[in-house]
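In what follows, every chain begins at residue 1, and chains take the letters A, B, ... in the order their sequences are listed.
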2 protein chains.
Amino acid sequence: MPRPDTAKPGALRRDAERNRERVVRAARELFAERGLSAGFNEVAHRAGVGVGTVYRRFADKDELIRAALEEPLHELIEVAQRAVEASRAWDGLELLLDSITQLLVDNLGLRDVALGGGAWDLGVDEVERVAEVMAALLERAAVEGDLREGVQGDDVVMVLWLVTDLAQHSGQVRPGLHRRYLQVLLDGLRSGPGRAPLVEGFTEEQAQSICRRWAGAP
Amino acid sequence: MPRPDTAKPGALRRDAERNRERVVRAARELFAERGLSAGFNEVAHRAGVGVGTVYRRFADKDELIRAALEEPLHELIEVAQRAVEASRAWDGLELLLDSITQLLVDNLGLRDVALGGGAWDLGVDEVERVAEVMAALLERAAVEGDLREGVQGDDVVMVLWLVTDLAQHSGQVRPGLHRRYLQVLLDGLRSGPGRAPLVEGFTEEQAQSICRRWAGAP
DNA sequence: TGCGAAGCGGATGATGCTCATCCGCTTCGG
DNA sequence: CCGAAGCGGATGAGCATCATCCGCTTCGCA
(Lines give C-alpha, C1' and ligand atoms only; values in the text may rest on other atoms or scores of the structure.)
Protein backbone atom coordinates (compact mmCIF):
# COMPACT_ATOMS: atom_id res chain seq x y z
CA MET A 1 0.00 0.00 0.00
CA PRO A 2 2.36 2.74 -1.10
CA ARG A 3 1.52 6.19 0.11
CA PRO A 4 1.60 9.06 -2.38
CA ASP A 5 4.38 11.01 -0.68
CA THR A 6 6.72 8.09 -0.06
CA ALA A 7 10.07 7.64 -1.78
CA LYS A 8 10.42 11.18 -3.02
CA PRO A 9 12.82 11.97 -5.82
CA GLY A 10 14.06 15.25 -4.32
CA ALA A 11 15.93 15.58 -1.04
CA LEU A 12 14.21 15.75 2.35
CA ARG A 13 13.98 18.84 4.43
CA ARG A 14 16.64 18.94 7.13
CA ASP A 15 14.27 18.11 9.99
CA ALA A 16 12.62 15.37 7.99
CA GLU A 17 15.97 13.74 7.33
CA ARG A 18 16.78 13.86 11.01
CA ASN A 19 13.50 12.18 11.85
CA ARG A 20 14.04 9.51 9.24
CA GLU A 21 17.33 8.74 10.89
CA ARG A 22 15.70 8.42 14.27
CA VAL A 23 13.10 6.06 12.90
CA VAL A 24 15.67 3.78 11.35
CA ARG A 25 17.63 3.68 14.57
CA ALA A 26 14.53 2.89 16.60
CA ALA A 27 13.54 0.18 14.14
CA ARG A 28 16.99 -1.34 14.30
CA GLU A 29 16.84 -1.53 18.08
CA LEU A 30 13.33 -2.82 18.23
CA PHE A 31 13.76 -5.46 15.54
CA ALA A 32 16.94 -6.53 17.27
CA GLU A 33 15.24 -6.98 20.60
CA ARG A 34 11.98 -8.53 19.56
CA GLY A 35 12.16 -9.71 15.98
CA LEU A 36 10.36 -8.43 12.94
CA SER A 37 6.98 -8.66 14.59
CA ALA A 38 7.44 -5.20 16.08
CA GLY A 39 4.92 -2.80 14.59
CA PHE A 40 5.06 0.68 13.07
CA ASN A 41 3.36 2.33 16.02
CA GLU A 42 5.89 0.96 18.38
CA VAL A 43 8.79 2.02 16.22
CA ALA A 44 7.34 5.51 16.06
CA HIS A 45 6.96 5.69 19.80
CA ARG A 46 10.50 4.54 20.44
CA ALA A 47 11.75 7.06 17.87
CA GLY A 48 9.89 9.81 19.69
CA VAL A 49 7.95 10.59 16.55
CA GLY A 50 4.34 10.34 15.41
CA VAL A 51 3.14 7.21 13.65
CA GLY A 52 2.33 9.30 10.63
CA THR A 53 5.98 10.13 10.19
CA VAL A 54 6.93 6.50 9.94
CA TYR A 55 4.20 5.69 7.43
CA ARG A 56 5.18 8.79 5.48
CA ARG A 57 8.78 7.66 5.00
CA PHE A 58 8.37 3.95 4.51
CA ALA A 59 5.92 2.56 2.03
CA ASP A 60 5.78 -0.83 3.72
CA LYS A 61 7.45 -2.91 6.33
CA ASP A 62 9.91 -4.45 3.90
CA GLU A 63 11.34 -1.03 3.21
CA LEU A 64 11.81 -0.33 6.89
CA ILE A 65 13.30 -3.74 7.52
CA ARG A 66 15.79 -3.33 4.72
CA ALA A 67 16.90 0.03 6.08
CA ALA A 68 17.22 -1.36 9.60
CA LEU A 69 19.10 -4.53 8.74
CA GLU A 70 21.57 -3.32 6.13
CA GLU A 71 24.44 -3.04 8.56
CA PRO A 72 23.93 -6.30 10.50
CA LEU A 73 23.72 -8.18 7.21
CA HIS A 74 27.18 -6.98 6.34
CA GLU A 75 28.55 -8.23 9.62
CA LEU A 76 27.18 -11.63 8.72
CA ILE A 77 29.24 -11.72 5.56
CA GLU A 78 32.40 -10.63 7.31
CA VAL A 79 32.03 -13.34 9.87
CA ALA A 80 31.71 -15.96 7.14
CA GLN A 81 34.83 -14.67 5.44
CA ARG A 82 36.82 -15.11 8.61
CA ALA A 83 35.57 -18.66 9.14
CA VAL A 84 36.72 -20.12 5.81
CA GLU A 85 40.28 -19.25 6.70
CA ALA A 86 40.50 -21.82 9.50
CA SER A 87 42.96 -24.60 8.70
CA ARG A 88 40.75 -27.33 10.06
CA ALA A 89 37.24 -27.11 8.69
CA TRP A 90 35.57 -28.16 11.93
CA ASP A 91 37.25 -25.32 13.79
CA GLY A 92 36.02 -22.92 11.15
CA LEU A 93 32.54 -24.36 11.51
CA GLU A 94 32.55 -23.92 15.26
CA LEU A 95 33.79 -20.38 14.90
CA LEU A 96 31.24 -19.59 12.23
CA LEU A 97 28.32 -20.99 14.17
CA ASP A 98 29.40 -19.31 17.33
CA SER A 99 29.64 -15.98 15.55
CA ILE A 100 26.42 -16.35 13.63
CA THR A 101 24.59 -17.38 16.75
CA GLN A 102 25.84 -14.33 18.56
CA LEU A 103 24.81 -12.10 15.69
CA LEU A 104 21.35 -13.62 15.43
CA VAL A 105 20.77 -13.57 19.15
CA ASP A 106 21.80 -9.94 19.34
CA ASN A 107 19.42 -9.20 16.51
CA LEU A 108 16.33 -11.34 16.35
CA GLY A 109 15.13 -9.45 13.30
CA LEU A 110 18.24 -10.56 11.52
CA ARG A 111 17.39 -14.08 12.54
CA ASP A 112 13.95 -13.81 11.05
CA VAL A 113 15.33 -12.93 7.64
CA ALA A 114 18.38 -15.19 7.80
CA LEU A 115 16.59 -18.33 8.94
CA GLY A 116 13.09 -17.49 7.85
CA GLY A 117 13.38 -19.39 4.58
CA GLY A 118 11.93 -16.49 2.63
CA ALA A 119 9.13 -15.80 5.04
CA TRP A 120 10.03 -12.10 4.94
CA ASP A 121 11.29 -12.30 1.45
CA LEU A 122 13.26 -9.09 0.81
CA GLY A 123 15.99 -10.15 -1.63
CA VAL A 124 18.89 -10.86 0.67
CA ASP A 125 21.67 -12.59 -1.21
CA GLU A 126 23.96 -11.99 1.76
CA VAL A 127 22.24 -14.94 3.36
CA GLU A 128 22.84 -17.06 0.28
CA ARG A 129 26.52 -16.31 0.37
CA VAL A 130 26.87 -17.30 4.00
CA ALA A 131 24.99 -20.49 3.28
CA GLU A 132 27.46 -21.33 0.55
CA VAL A 133 30.40 -20.81 2.88
CA MET A 134 28.77 -23.04 5.41
CA ALA A 135 28.07 -25.78 2.89
CA ALA A 136 31.69 -25.73 1.77
CA LEU A 137 32.93 -25.90 5.33
CA LEU A 138 30.62 -28.79 6.06
CA GLU A 139 31.88 -30.71 3.07
CA ARG A 140 35.49 -30.15 4.05
CA ALA A 141 34.77 -31.20 7.62
CA ALA A 142 33.24 -34.41 6.32
CA VAL A 143 36.34 -35.15 4.25
CA GLU A 144 38.53 -34.47 7.25
CA GLY A 145 36.50 -36.98 9.24
CA ASP A 146 35.15 -34.59 11.84
CA LEU A 147 31.53 -34.69 10.83
CA ARG A 148 29.27 -37.31 12.29
CA GLU A 149 27.82 -39.62 9.70
CA GLY A 150 24.35 -38.72 8.53
CA VAL A 151 24.59 -35.01 9.29
CA GLN A 152 23.19 -32.87 6.53
CA GLY A 153 23.48 -29.19 5.73
CA ASP A 154 20.10 -28.17 7.02
CA ASP A 155 20.87 -29.67 10.40
CA VAL A 156 22.92 -26.58 11.01
CA VAL A 157 19.95 -24.35 10.26
CA MET A 158 17.83 -26.27 12.72
CA VAL A 159 20.55 -25.95 15.32
CA LEU A 160 20.55 -22.22 14.80
CA TRP A 161 16.80 -22.09 15.25
CA LEU A 162 16.96 -24.15 18.41
CA VAL A 163 19.68 -22.09 19.95
CA THR A 164 18.36 -18.66 19.03
CA ASP A 165 14.93 -19.66 20.19
CA LEU A 166 16.32 -20.64 23.54
CA ALA A 167 18.15 -17.33 23.66
CA GLN A 168 14.92 -15.48 23.03
CA HIS A 169 13.32 -17.11 26.04
CA SER A 170 16.32 -17.05 28.34
CA GLY A 171 18.09 -13.87 27.26
CA GLN A 172 16.53 -11.60 29.85
CA VAL A 173 16.99 -14.08 32.67
CA ARG A 174 20.39 -15.58 31.98
CA PRO A 175 22.18 -13.95 29.04
CA GLY A 176 24.53 -16.25 27.20
CA LEU A 177 22.86 -19.46 28.22
CA HIS A 178 22.36 -20.34 24.57
CA ARG A 179 26.09 -20.86 24.12
CA ARG A 180 25.93 -23.79 26.49
CA TYR A 181 23.52 -25.65 24.25
CA LEU A 182 25.23 -24.63 21.07
CA GLN A 183 28.27 -26.37 22.46
CA VAL A 184 26.26 -29.47 23.35
CA LEU A 185 24.65 -29.61 19.94
CA LEU A 186 27.88 -29.12 18.04
CA ASP A 187 29.58 -31.80 20.10
CA GLY A 188 26.70 -34.07 19.24
CA LEU A 189 27.14 -33.33 15.57
CA ARG A 190 30.82 -34.15 15.62
CA SER A 191 32.06 -37.62 14.82
CA GLY A 192 33.44 -39.69 17.65
CA PRO A 193 33.81 -43.21 19.00
CA GLY A 194 30.54 -44.94 19.68
CA ARG A 195 28.57 -42.33 17.77
CA ALA A 196 25.88 -44.01 15.74
CA PRO A 197 25.16 -42.33 12.39
CA LEU A 198 22.26 -39.92 12.43
CA VAL A 199 19.19 -41.49 10.88
CA GLU A 200 15.90 -40.34 9.44
CA GLY A 201 17.04 -37.29 7.53
CA PHE A 202 14.79 -34.76 5.88
CA THR A 203 14.51 -32.91 2.59
CA GLU A 204 15.43 -29.36 1.80
CA GLU A 205 11.79 -28.55 1.14
CA GLN A 206 10.81 -29.80 4.55
CA ALA A 207 13.55 -27.72 6.14
CA GLN A 208 12.37 -24.61 4.34
CA SER A 209 8.79 -25.19 5.28
CA ILE A 210 9.71 -25.66 8.92
CA CYS A 211 11.77 -22.48 8.89
CA ARG A 212 8.93 -20.47 7.44
CA ARG A 213 6.58 -21.70 10.12
CA TRP A 214 9.11 -21.00 12.79
CA ALA A 215 9.60 -17.45 11.60
CA GLY A 216 5.83 -16.99 11.81
CA ALA A 217 5.30 -16.76 8.07
CA PRO A 218 2.94 -13.94 7.14
CA MET B 1 -15.17 -16.19 38.08
CA PRO B 2 -17.15 -19.23 39.16
CA ARG B 3 -20.58 -19.50 37.69
CA PRO B 4 -23.51 -20.18 40.02
CA ASP B 5 -24.48 -23.50 38.48
CA THR B 6 -21.00 -24.98 38.26
CA ALA B 7 -19.77 -27.92 40.30
CA LYS B 8 -23.15 -29.17 41.36
CA PRO B 9 -23.49 -31.50 44.30
CA GLY B 10 -26.14 -33.74 42.73
CA ALA B 11 -25.64 -35.91 39.67
CA LEU B 12 -26.00 -34.60 36.15
CA ARG B 13 -28.86 -35.40 33.86
CA ARG B 14 -27.98 -38.17 31.41
CA ASP B 15 -27.64 -35.85 28.42
CA ALA B 16 -25.63 -33.37 30.42
CA GLU B 17 -23.21 -36.06 31.45
CA ARG B 18 -22.79 -37.11 27.84
CA ASN B 19 -22.03 -33.55 26.82
CA ARG B 20 -19.54 -33.13 29.61
CA GLU B 21 -17.77 -36.20 28.32
CA ARG B 22 -17.65 -34.76 24.84
CA VAL B 23 -16.22 -31.51 26.10
CA VAL B 24 -13.45 -33.24 28.01
CA ARG B 25 -12.56 -35.31 24.98
CA ALA B 26 -12.49 -32.25 22.74
CA ALA B 27 -10.37 -30.38 25.26
CA ARG B 28 -7.96 -33.27 25.49
CA GLU B 29 -7.53 -33.33 21.73
CA LEU B 30 -7.19 -29.61 21.36
CA PHE B 31 -4.78 -29.12 24.23
CA ALA B 32 -2.76 -32.00 22.86
CA GLU B 33 -2.52 -30.47 19.41
CA ARG B 34 -1.99 -26.85 20.25
CA GLY B 35 -1.12 -26.46 23.91
CA LEU B 36 -3.08 -24.86 26.70
CA SER B 37 -3.65 -21.68 24.74
CA ALA B 38 -6.73 -23.18 23.08
CA GLY B 39 -9.85 -21.34 24.22
CA PHE B 40 -13.27 -22.36 25.50
CA ASN B 41 -15.06 -21.40 22.32
CA GLU B 42 -12.85 -23.61 20.29
CA VAL B 43 -13.26 -26.51 22.64
CA ALA B 44 -17.02 -26.09 22.46
CA HIS B 45 -16.98 -26.04 18.71
CA ARG B 46 -14.86 -29.16 18.46
CA ALA B 47 -17.13 -30.88 20.98
CA GLY B 48 -20.14 -30.01 18.84
CA VAL B 49 -21.67 -28.16 21.74
CA GLY B 50 -22.52 -24.55 22.57
CA VAL B 51 -20.00 -22.38 24.38
CA GLY B 52 -22.45 -21.99 27.20
CA THR B 53 -22.30 -25.69 27.92
CA VAL B 54 -18.59 -25.55 28.47
CA TYR B 55 -18.77 -22.52 30.75
CA ARG B 56 -21.62 -24.18 32.61
CA ARG B 57 -19.58 -27.28 33.47
CA PHE B 58 -16.17 -25.80 34.15
CA ALA B 59 -15.72 -22.87 36.45
CA ASP B 60 -12.39 -21.90 34.95
CA LYS B 61 -9.73 -23.10 32.64
CA ASP B 62 -7.77 -24.87 35.37
CA GLU B 63 -10.71 -27.13 35.99
CA LEU B 64 -10.97 -28.04 32.34
CA ILE B 65 -7.24 -28.58 32.06
CA ARG B 66 -7.21 -30.87 35.04
CA ALA B 67 -10.00 -32.96 33.58
CA ALA B 68 -8.31 -33.13 30.20
CA LEU B 69 -4.83 -34.02 31.41
CA GLU B 70 -5.57 -36.53 34.13
CA GLU B 71 -4.90 -39.53 31.97
CA PRO B 72 -1.74 -38.30 30.19
CA LEU B 73 -0.27 -37.37 33.56
CA HIS B 74 -0.59 -40.96 34.66
CA GLU B 75 1.25 -42.16 31.61
CA LEU B 76 4.07 -39.87 32.60
CA ILE B 77 4.41 -41.61 35.93
CA GLU B 78 4.35 -45.06 34.41
CA VAL B 79 7.09 -44.15 32.00
CA ALA B 80 9.27 -42.94 34.86
CA GLN B 81 8.71 -46.16 36.75
CA ARG B 82 9.93 -48.18 33.82
CA ALA B 83 13.05 -46.06 33.40
CA VAL B 84 14.45 -46.54 36.91
CA GLU B 85 14.64 -50.26 36.29
CA ALA B 86 17.41 -49.98 33.71
CA SER B 87 20.65 -51.53 34.92
CA ARG B 88 22.81 -48.76 33.53
CA ALA B 89 21.56 -45.35 34.54
CA TRP B 90 22.41 -43.69 31.25
CA ASP B 91 20.29 -46.21 29.37
CA GLY B 92 17.42 -45.47 31.71
CA LEU B 93 17.93 -41.79 31.14
CA GLU B 94 17.83 -42.18 27.38
CA LEU B 95 14.74 -44.30 27.62
CA LEU B 96 13.07 -41.87 29.98
CA LEU B 97 13.82 -38.81 27.89
CA ASP B 98 12.76 -40.53 24.73
CA SER B 99 9.47 -41.54 26.30
CA ILE B 100 8.81 -38.21 27.94
CA THR B 101 9.59 -36.38 24.75
CA GLN B 102 7.15 -38.53 22.86
CA LEU B 103 4.49 -37.94 25.47
CA LEU B 104 5.01 -34.19 25.53
CA VAL B 105 5.15 -33.90 21.77
CA ASP B 106 1.96 -35.88 21.44
CA ASN B 107 0.38 -33.59 23.99
CA LEU B 108 1.59 -30.03 24.01
CA GLY B 109 -0.79 -29.19 26.82
CA LEU B 110 0.94 -31.75 28.94
CA ARG B 111 4.16 -30.05 28.07
CA ASP B 112 2.88 -26.72 29.23
CA VAL B 113 2.11 -28.05 32.69
CA ALA B 114 5.09 -30.38 32.95
CA LEU B 115 7.73 -27.90 31.85
CA GLY B 116 5.92 -24.68 32.59
CA GLY B 117 7.53 -24.22 35.98
CA GLY B 118 4.20 -23.47 37.59
CA ALA B 119 2.99 -21.13 34.90
CA TRP B 120 -0.33 -23.01 34.86
CA ASP B 121 -0.11 -23.89 38.46
CA LEU B 122 -2.72 -26.61 39.08
CA GLY B 123 -1.20 -28.78 41.80
CA VAL B 124 0.43 -31.55 39.81
CA ASP B 125 2.64 -33.62 42.04
CA GLU B 126 2.94 -36.19 39.26
CA VAL B 127 5.47 -33.87 37.70
CA GLU B 128 7.39 -33.65 40.96
CA ARG B 129 7.63 -37.40 41.15
CA VAL B 130 9.00 -37.72 37.64
CA ALA B 131 11.51 -34.99 38.41
CA GLU B 132 12.73 -36.96 41.39
CA VAL B 133 13.22 -40.09 39.31
CA MET B 134 15.15 -38.10 36.77
CA ALA B 135 17.38 -36.52 39.39
CA ALA B 136 18.18 -39.93 40.85
CA LEU B 137 18.98 -41.33 37.43
CA LEU B 138 21.20 -38.37 36.69
CA GLU B 139 23.11 -38.87 39.89
CA ARG B 140 23.62 -42.55 39.21
CA ALA B 141 24.75 -41.81 35.67
CA ALA B 142 27.32 -39.39 37.05
CA VAL B 143 28.67 -42.01 39.42
CA GLU B 144 28.85 -44.52 36.59
CA GLY B 145 30.90 -42.02 34.62
CA ASP B 146 28.48 -41.56 31.75
CA LEU B 147 27.51 -37.98 32.42
CA ARG B 148 29.56 -35.21 30.95
CA GLU B 149 31.16 -33.03 33.55
CA GLY B 150 29.29 -29.84 34.32
CA VAL B 151 25.87 -31.12 33.33
CA GLN B 152 23.18 -30.18 35.82
CA GLY B 153 19.66 -31.40 36.38
CA ASP B 154 17.90 -28.50 34.74
CA ASP B 155 19.85 -29.07 31.55
CA VAL B 156 17.47 -31.91 30.92
CA VAL B 157 14.49 -29.60 31.25
CA MET B 158 16.00 -27.22 28.74
CA VAL B 159 16.64 -30.09 26.38
CA LEU B 160 13.00 -31.06 26.65
CA TRP B 161 11.93 -27.51 25.85
CA LEU B 162 14.23 -27.32 22.87
CA VAL B 163 13.11 -30.60 21.45
CA THR B 164 9.40 -30.19 22.00
CA ASP B 165 9.54 -26.69 20.62
CA LEU B 166 11.13 -28.01 17.48
CA ALA B 167 8.46 -30.65 17.30
CA GLN B 168 5.77 -28.01 17.52
CA HIS B 169 7.18 -26.25 14.48
CA SER B 170 8.11 -29.30 12.46
CA GLY B 171 5.44 -31.77 13.47
CA GLN B 172 3.06 -31.06 10.60
CA VAL B 173 5.83 -31.04 8.01
CA ARG B 174 8.08 -33.84 9.11
CA PRO B 175 6.74 -35.81 12.05
CA GLY B 176 9.39 -37.32 14.27
CA LEU B 177 12.15 -34.94 13.32
CA HIS B 178 12.54 -33.97 16.95
CA ARG B 179 13.97 -37.39 17.78
CA ARG B 180 16.95 -36.59 15.60
CA TYR B 181 17.92 -33.64 17.74
CA LEU B 182 17.10 -35.34 20.98
CA GLN B 183 19.69 -37.89 20.00
CA VAL B 184 22.22 -35.19 19.14
CA LEU B 185 21.63 -33.37 22.39
CA LEU B 186 21.84 -36.48 24.53
CA ASP B 187 25.05 -37.53 22.83
CA GLY B 188 26.39 -34.08 23.57
CA LEU B 189 25.47 -34.45 27.22
CA ARG B 190 27.21 -37.78 27.58
CA SER B 191 30.80 -37.98 28.71
CA GLY B 192 33.38 -38.93 26.14
CA PRO B 193 36.99 -38.47 25.09
CA GLY B 194 37.88 -34.90 24.23
CA ARG B 195 34.68 -33.58 25.78
CA ALA B 196 35.41 -30.39 27.66
CA PRO B 197 33.30 -29.91 30.80
CA LEU B 198 30.24 -27.77 30.33
CA VAL B 199 30.82 -24.32 31.72
CA GLU B 200 28.72 -21.36 32.77
CA GLY B 201 25.92 -23.16 34.56
CA PHE B 202 22.75 -21.56 35.84
CA THR B 203 20.62 -21.55 38.96
CA GLU B 204 17.36 -23.34 39.59
CA GLU B 205 15.58 -20.00 39.87
CA GLN B 206 16.82 -18.98 36.47
CA ALA B 207 15.68 -22.26 35.00
CA GLN B 208 12.24 -21.85 36.48
CA SER B 209 11.93 -18.31 35.26
CA ILE B 210 12.93 -19.32 31.74
CA CYS B 211 10.42 -22.15 31.76
CA ARG B 212 7.62 -19.86 32.81
CA ARG B 213 8.40 -17.46 30.04
CA TRP B 214 8.63 -20.25 27.53
CA ALA B 215 5.24 -21.59 28.53
CA GLY B 216 3.82 -18.13 27.97
CA ALA B 217 3.09 -17.44 31.61
CA PRO B 218 -0.32 -15.87 32.17
C1' DT C 1 -48.37 -38.82 29.15
C1' DG C 2 -47.76 -34.24 31.25
C1' DC C 3 -45.05 -30.88 33.19
C1' DG C 4 -41.54 -28.43 35.84
C1' DA C 5 -36.80 -28.44 36.25
C1' DA C 6 -32.48 -28.96 34.04
C1' DG C 7 -29.94 -28.14 30.28
C1' DC C 8 -28.81 -26.11 25.79
C1' DG C 9 -26.99 -22.98 22.01
C1' DG C 10 -24.93 -19.35 20.10
C1' DA C 11 -25.84 -14.37 19.23
C1' DT C 12 -24.09 -10.87 21.60
C1' DG C 13 -21.55 -6.87 23.87
C1' DA C 14 -17.38 -6.04 26.31
C1' DT C 15 -12.60 -5.70 25.95
C1' DG C 16 -8.23 -5.38 23.95
C1' DC C 17 -5.26 -5.47 20.50
C1' DT C 18 -2.86 -3.74 15.71
C1' DC C 19 -2.98 -1.21 11.56
C1' DA C 20 -3.15 2.85 8.64
C1' DT C 21 -5.37 7.31 7.64
C1' DC C 22 -6.41 12.08 7.86
C1' DC C 23 -6.26 16.93 8.87
C1' DG C 24 -5.35 21.00 11.78
C1' DC C 25 -1.17 22.81 13.30
C1' DT C 26 4.04 23.67 13.27
C1' DT C 27 8.39 24.33 11.18
C1' DC C 28 11.53 25.07 7.50
C1' DG C 29 14.03 27.69 4.37
C1' DG C 30 14.08 30.49 -0.09
C1' DC D 1 7.57 36.67 5.37
C1' DC D 2 4.83 32.96 3.67
C1' DG D 3 3.88 28.81 1.01
C1' DA D 4 5.28 24.24 0.95
C1' DA D 5 6.77 20.43 3.55
C1' DG D 6 6.38 18.03 7.45
C1' DC D 7 4.34 16.60 11.81
C1' DG D 8 1.50 14.19 15.52
C1' DG D 9 -1.57 11.29 17.33
C1' DA D 10 -6.62 10.83 17.81
C1' DT D 11 -9.26 7.97 15.44
C1' DG D 12 -12.11 4.21 13.26
C1' DA D 13 -11.83 0.01 10.93
C1' DG D 14 -10.76 -4.78 11.34
C1' DC D 15 -10.11 -8.70 14.06
C1' DA D 16 -9.62 -11.87 18.13
C1' DT D 17 -11.12 -13.73 22.45
C1' DC D 18 -13.99 -13.96 26.47
C1' DA D 19 -18.04 -14.78 29.22
C1' DT D 20 -22.97 -13.88 29.64
C1' DC D 21 -27.85 -14.24 29.06
C1' DC D 22 -32.33 -15.83 27.71
C1' DG D 23 -35.73 -18.11 24.66
C1' DC D 24 -36.17 -22.72 23.52
C1' DT D 25 -35.53 -27.97 23.95
C1' DT D 26 -35.06 -32.18 26.36
C1' DC D 27 -35.24 -35.09 30.32
C1' DG D 28 -37.20 -38.06 33.52
C1' DC D 29 -40.25 -38.34 37.60
C1' DA D 30 -44.94 -39.11 38.92
Practice item. Using a 4.0 Å heavy-atom cut-off across all strands, classify B:Asp15 as base, sugar-phosphate, or nothing. Key: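 Here B:Asp15 touches the backbone only, sparing every base.
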Please report, rounded to the nearest Å, how far the [atom2] atom of [N] is from the [atom1] atom of [X].
X       : N      : atom1 : atom2 : answer
B:Arg34 : D:dT17 : CZ    : C1'   : 12 Å
A:Phe40 : D:dT11 : CZ    : P     : 23 Å
B:Phe58 : D:dC18 : CZ    : P     : 16 Å
A:His45 : D:dA10 : NE2   : P     : 11 Å
B:Arg20 : C:dG9  : CZ    : C1'   : 19 Å
A:Arg18 : D:dC7  : CZ    : P     : 9 Å
A:Leu12 : C:dG29 : CG    : P     : 11 Å
A:Tyr55 : C:dC23 : OH    : C1'   : 17 Å

Under a 4.5 Å cut-off applied to non-hydrogen side-chain atoms, are [X] and [Y] in contact?
X        : Y        : answer
A:Asp165 : A:Arg111 : yes
B:Gln172 : B:Glu33  : no
A:Asp112 : A:Trp214 : no
B:His178 : B:Thr164 : no

Review point. The side chain of B:Asn41 lies closest to which of these nucleotides: D:dA19, D:dC7, D:dG28?
Key: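 Of all the options, the side chain of B:Asn41 is nearest to D:dA19.
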Practice item. Go through D:dG6, C:dG7, C:dA20 for me and flag the one nearest to the A:Ala16 side chain. Key: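 Closest nucleotide to the A:Ala16 side chain: D:dG6.
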Would you say [X] reaches [N]'s phosphate, i.e. side-chain N/O to OP1/OP2 under 4.0 Å?
X       : N      : value
B:Arg57 : C:dC8  : yes
B:Asn19 : C:dC8  : yes
B:Arg13 : D:dT26 : no
B:Arg56 : C:dC8  : yes

Check your understanding: On DNA chain C, nearest-nucleotide positions of A:Glu42 versus A:Val51: which is more 5'?
Key ->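 Of the two residues, A:Glu42 wins.
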Review point. Taking the six-membered ring for Trp, are A:Tyr55 and A:Phe40 parallel (under 30°), tilted (30 to 60°) or perpendicular (over 60°)?
Key: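 Tilted.
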